[in-house]
Amino acid sequence: MTDRDIASALDQFHRVLKPAGILFVSFKKGNGVGNQLETFTADDQRFYNLKEMTTIAPMLEAHGFEVVGSTQINENVRNKEVRDLEWINILTRKVNC
């Protein structure tokens, strides 16, 4: 998804959510966009739009959401045999109702 696609999706989430509705989003942490080889999925490439909290929070706010909470987690924290990837998990609430 491009930033334009993300913006469009956020607009649609805002449109369909009830006032003060909750939205959870998750992004692979980093900067940039592009295909990355994912060996855990039969050596297929997946497209990622990597985000940092400093870039995604303003985008969420610009589309009518407030950040309620966020966490960053590495997949291998619970299981050292999985990928070493950082994810940003964000819980938001619809505003501008």
Side-chain angles (χ1 to χ4, degrees):
M1 292 185 107
T2 65
D3 282 356
R4 177 177 270 166
D5 295 328
I6 293 169
S8 178
L10 291 174
D11 286 340
Q12 292 302 312
F13 286 132
H14 192 274
R15 182 181 65 79
V16 300
L17 279 172
K18 293 180 180 182
I22 300 295
L23 173 68
F24 172 83
V25 294
S26 184
F27 291 88
K28 195 172 185 181
K29 185 178 179 196
N31 293 296
V33 297
N35 290 318
Q36 294 183 359
L37 180 64
E38 298 287 2
T39 57
F40 75 98
T41 57
D43 295 327
D44 287 336
Q45 287 194 357
R46 296 176 71 188
F47 181 83
Y48 286 99
N49 186 333
L50 308 175
K51 294 292 181 204
E52 296 286 346
M53 193 62 186
T54 56
T55 57
I56 193 59
M59 183 182 280
L60 289 163
E61 291 165 4
H63 291 274
F65 293 94
E66 67 176 337
V67 174
V68 176
S70 66
T71 61
Q72 294 185 34
I73 189 164
N74 190 301
E75 286 186 13
N76 72 5
V77 167
R78 291 184 214 131
N79 182 350
K80 297 296 181 194
E81 296 177 13
V82 299
R83 310 174 293 173
D84 184 20
L85 295 175
E86 294 282 329
W87 291 88
I88 300 172
N89 302 315
I90 307 165
L91 191 63
T92 69
R93 178 181 298 119
K94 178 181 175 178
V95 293
N96 302 332
C97 304

- Note on the structure: Separation between CD1 (I88) and OG (S26), nearest 0.5 Å, reads 8.5 Å
- Query: Tell me, do K28 and W87 make a side-chain contact under 4.5 Å, heavy atoms counted?
  - Reply: yes
- Task: Taking side-chain contact (heavy atoms from CB on, under 4.5 Å) as the test, write out the residues that go with L17, two or more places apart.
- Result: L23, F65, K94
- Message: Is any side-chain heavy atom of F27 closer than 4.5 Å to one of I6?
- Response: yes
- Message: To check you understand the geometry: which heavy-atom pair defines the closest contact between V95 and H14, and what is its length?
- Response: O-NE2, 2.8 Å
- Task: Provide the closest heavy-atom pair for I73 versus N89 in the form atom of the first, atom of the second, distance.
- Result: CG2-ND2, 3.6 Å
- Item | From CD (E61) to CD1 (I56), nearest 0.5 Å | 10.5 Å
- Query: What pairs with A9 under side-chain contact (heavy atoms from CB on, under 4.5 Å), at least two apart in sequence or on another chain?
  - Reply: M1, F13
- Reported CG-to-OG1 distance for the pair L50 and T55, which is rounded to 0.5 angstrom: 9.5 Å
- Measure the shortest side-chain to side-chain distance between K51 and D3 over non-hydrogen atoms and say whether it is less than 4.5 angstrom. yes
- Query: Are D5 and T2 linked by a side-chain donor-acceptor pair shorter than 3.5 Å?
  - Reply: yes
- Message: Closer than 3.5 angstrom, by distance alone: can the side chain of H63 be matched with the main-chain N or O of S8 as a donor-acceptor pair?
- Response: no
- Message: According to a hydrophobic-cluster definition based on side-chain heavy atoms being under 4.5 Å apart (Ile, Leu, Val, Met, Phe, Trp, Tyr only), do L60 and M53 belong together?
- Response: yes
- Query: Sequence neighbours excluded, which residues qualify as salt bridge (charged side-chain N to carboxylate O under 4.0 Å, His left out) partners of E66?
  - Reply: R93
